*Asks:* 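Below is one structure. I have some questions about it.
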Amino acid sequence: ILFDDISRNNLLPLTFSRPVATIRIGILTIAEKWEKYLSLKPGFITQDYLGLRYKLISGANNVLINGSICPNTRLLDTIHSLKEHEMLVKENIIIAFYAPESKIKLLAAKGIILNDDNELKDYKKKEYDGEIFTIRNTWDIFSKNGQAITDDFTLLVKGKISQPISSTNQVIAPQNIFLEEGAKVEYAILNANNALIYIGKDAEIMEGSIVRGSLALCEHSQLKLGAKIYGPTTIGPYSKVGGEVNNSVIFGYSNKAHDGFLGNAVLGEWCNLGADTNNSNLKNDYSEVKIWNYTQKAFIPTGLQFCGLIMADHSKCGINTMFNTGTVVGFSSNIFGSGFPRNFIPSFAWGGAQGFSTYKVSKAIEVAQLVMSRRNIAFDQAEKAIFEKVFELDHYQ
């Protein structure tokens with residue numbers, strides 16, 4: 001069972017619509033990584049309103065693993081060595097512990113498992129002496145993406161043979177490039193020197209594209225004609241990307257199909273950036289970037305000089321939209337118009353630099369139904385529950 005801990009709040013607005021473990025970093029989501037290592041589908045302990053989609057699966061005895069932590073062989077072996085009433089920790093982060101089914105419901109009722117949880121007071125803490133790869137803040141997703149691509153690449157291509165790379169392409173370090181079945185690349189420039197390029201099943205890099213790895217182009221995604229990609233960048237499944245992209249992560253089913261710059265950024269699912277949308281990723285005075293934190297209700301330092309756009313699921317922007325450095329956009333917002341909008345835009349906001357109004361949840365649901373139907377994905381009761389609850393939790397007023 002993959003559980004959310006306090007990092008869930010620091011990863012808002014991306015976690016309004018998903019457990020932490022379903023964040024994509026590298027090639028796979030964190031949950032998909034654990035599924036590969038464990039050879040089974042995990043359940044989730046997360047917010048109640050997400051339970052229709054991300055179900056809690058439990059049995060007589062269960063291993064609970066922090067959903068913000070990426071797996072490796074040593075960590076998994078250490079988890080397996082845990083005894084009853086032992087908890088594996090790293091400093092102040094709970095990594096894993098075993099729990100009987102009788103305890104699961106008590107833990108799940110809160111949605112987040114904390115270090116000082118009363119249900120865990122009888123556990124002996126066992127300090128993990130290895131390094132852990134963990135996602136604690138929104139900017140970790142792009143800043144740690146290079147290592148995640150390397151780890152996932154090794155995991156996914158082991159024992160497999162890449163599809164051949166067409167002779168129409170200009171290729172540097174072809175040994176660092178892997179094409180899954182059905183991947184198409186013609187008349188592109190691929191530079192994988194000291195980097196990796198993974199092209200997923202039925203993904204396509206169109207003519208004239210220039211890729212300087214690392215790049216994870218996931219299944220059924222497209223790089224449009226003449227795209228320019230700087231790594232480490234992940235483009236999740238069923239996404240279309242054009243223009244210039246640098247060190248960004250797109251979760252999936254999202255489009256930046258036209259010219260414009262996206263850098264040091266994270267886009268959730270079902271987002272759409274209009275043509276010639278640009279984000280700044282560096283302040284004019286080169287100072288540290290601060291971004292909005294939902295827990296502290298304030299702008300907090302990232303420790304980064306380069307930080308661009310964080311946009312949650314189902315948000316969209318019109319053509320020629322300009323985002324300031326370190327802009328955070330909530331769930332299902334619609335941004336348009338001239339000028340730079342504010343650098344924190346709550347969920348369900350409608351407008352731009354000239355001002356915002358509330359984006360009615362009924363209208364937002366109607367649009368989402370149309371958008372998802374184009375990909376033959378039904379907008380179901382689980383999705384409706386997410387929209388309604390997020391509107392209750394966070395919307396522009």
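What you see is a predicted model, and the numbers here were worked out from it, not measured in a lab.
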*Asks:* Would you say the side chains of Asn92 and Asn115 form a donor-acceptor pair under 3.5 Å?
*Replies:* no

*Asks:* Within the 3.5 Å criterion, strictly below it, is a donor on Asp5 or Asn66 matched to an acceptor on the partner's side chain?
*Replies:* yes

*Asks:* Apply salt bridge (charged side-chain N to carboxylate O under 4.0 Å, His left out) to Glu119 and Lys110, showing your working.
*Replies:* CA-CA 11 Å; Glu119 300 302 323; Lys110 302 170 186 177; 5.0 Å; no

*Asks:* Answer with yes or no whether the hydrophobic clustering places Phe133 together with Ile30; edges join I, L, V, M, F, W, Y residues whose side-chain heavy atoms lie under 4.5 Å apart.
*Replies:*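 Yes.
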
*Asks:* Between Lys41 and Glu35, is the closest basic N to carboxylate O distance under 4.0 Å?
*Replies:*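 Judged by the 4.0 Å cut-off on N to carboxylate O distance, Glu35 and Lys41 do form a salt bridge.
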
*Asks:* Show, in sequence, the C-alpha distance, side-chain angles and deciding distance for Lys121 and Asp116, and conclude whether the salt bridge (charged side-chain N to carboxylate O under 4.0 Å, His left out) test is met.
*Replies:* CA-CA 7 Å; Lys121 285 188 174 177; Asp116 58 355; over 6 Å; no

*Asks:* Check the side chains of Thr46 and Asp4 for a donor-acceptor pair under 3.5 angstrom, ignoring hydrogens and angles.
*Replies:* yes

*Asks:* In terms of relative ring orientation, are His395 and Phe391 parallel, tilted or perpendicular, with 30° and 60° separating the classes?
*Replies:* parallel

*Asks:* Please determine if Glu32 and Lys36 form a salt bridge, counting it only when a charged side-chain N lies under 4.0 Å from a carboxylate O.
*Replies:*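 Here Glu32 does not pair with Lys36 in a salt bridge, since their nearest N and O are not under 4.0 Å apart.
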
*Asks:* Does a sphere of radius 6.0 Å around CZ in Arg375 hold more than 12 heavy atoms from other residues, nucleotides or ligands, not counting ones at 6.0 Å or beyond?
*Replies:* yes

*Asks:* By the definition side chain to side chain contact (heavy atoms under 4.5 Å, CB included), identify the one residue from Ile335, Asn272, Leu273 that meets it with Lys316.
*Replies:*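 Per the side chain to side chain contact (heavy atoms under 4.5 Å, CB included) rule, the option paired with Lys316 is Asn272, out of Ile335, Asn272, Leu273.
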
*Asks:* Go through the side-chain N and O atoms of Ser68 and Arg136 and say whether any donor and acceptor fall under 3.5 Å apart.
*Replies:*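 Arg136 and Ser68 do have a side-chain donor-acceptor pair below 3.5 Å.
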
*Asks:* With a 6.0 Å cut-off (strictly less than), is the heavy-atom count around CD of Glu288, excluding the residue itself, greater than 12?
*Replies:* yes

*Asks:* Take atom CD in Glu181; do more than 12 heavy atoms of anything else shown fall under 6.0 Å from it?
*Replies:*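 Result for CD/Glu181: open.
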
*Asks:* May I ask you to decide if the ring planes of Trp270 and His314 are parallel, tilted or perpendicular, using 30° and 60° as cut-offs?
*Replies:*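 Judged by the thresholds at 30° and 60°, the geometry between Trp270 and His314 is parallel.
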
*Asks:* Mark yes when over 12 heavy atoms from residues, nucleotides or ligands other than Lys90 sit less than 6.0 Å from its NZ; otherwise mark no.
*Replies:* yes

*Asks:* May I ask you to decide if the ring planes of Tyr238 and Tyr253 are parallel, tilted or perpendicular, using 30° and 60° as cut-offs?
*Replies:*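 Ring orientation, 0 to 90° scale: parallel.
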
*Asks:* How close do Ser280 and Leu282 get, counting heavy atoms only, and between which atoms?
*Replies:* OG-O, 3.1 Å

*Asks:* Would you say CZ of Phe299 has more than 12 non-hydrogen atoms from neighbouring residues, nucleotides or ligands within 6.0 angstrom?
*Replies:* yes

*Asks:* Just by distance, with hydrogens left out, do Thr295 and Asn9 show a side-chain donor and acceptor under 3.5 Å apart?
*Replies:* no

*Asks:* For Lys290, does the NZ atom have more than 12 heavy-atom neighbours from other residues, nucleotides or ligands under 6.0 Å away?
*Replies:* no

*Asks:* If every non-hydrogen atom of Tyr128 is compared with every non-hydrogen atom of Ile95, which pair is closest and at what distance?
*Replies:* CB-CD1, 3.7 Å

*Asks:* Atom CZ in Phe387, atom OG in Ser17: separation rounded to 0.5 Å?
*Replies:* 8.5 Å

*Asks:* Side chains of Asp394 and Ser347: donor-acceptor distance under 3.5 Å anywhere?
*Replies:*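 Yes, Ser347 and Asp394 have a side-chain donor paired with an acceptor closer than 3.5 Å.
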
*Asks:* Tell me, yes or no, whether the heavy-atom count around Ile300 atom CD1, taken from other residues, nucleotides or ligands under 6.0 Å, exceeds 12.
*Replies:*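 It does: Ile300 CD1 has more than 12 such atoms within range.
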
*Asks:* Any donor-acceptor pair under 3.5 Å linking the side-chain atoms of Asp151 with those of Asn72?
*Replies:*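 Asp151 and Asn72 do not have a side-chain donor-acceptor pair below 3.5 Å.
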
*Asks:* Does the plane of the ring in Phe348 sit parallel, tilted or perpendicular to the ring in Tyr359? Use 30° and 60° as the thresholds.
*Replies:* tilted

*Asks:* Side chains of Gln47 and Tyr54: any donor to acceptor distance under 3.5 Å?
*Replies:* no

*Asks:* Is the distance from the ring center of Tyr286 to that of Phe306 below 6.0 Å?
*Replies:* no

*Asks:* Mark yes when over 12 heavy atoms from residues, nucleotides or ligands other than Lys160 sit less than 6.0 Å from its NZ; otherwise mark no.
*Replies:*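 Check passes, neighbour count above 12.
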
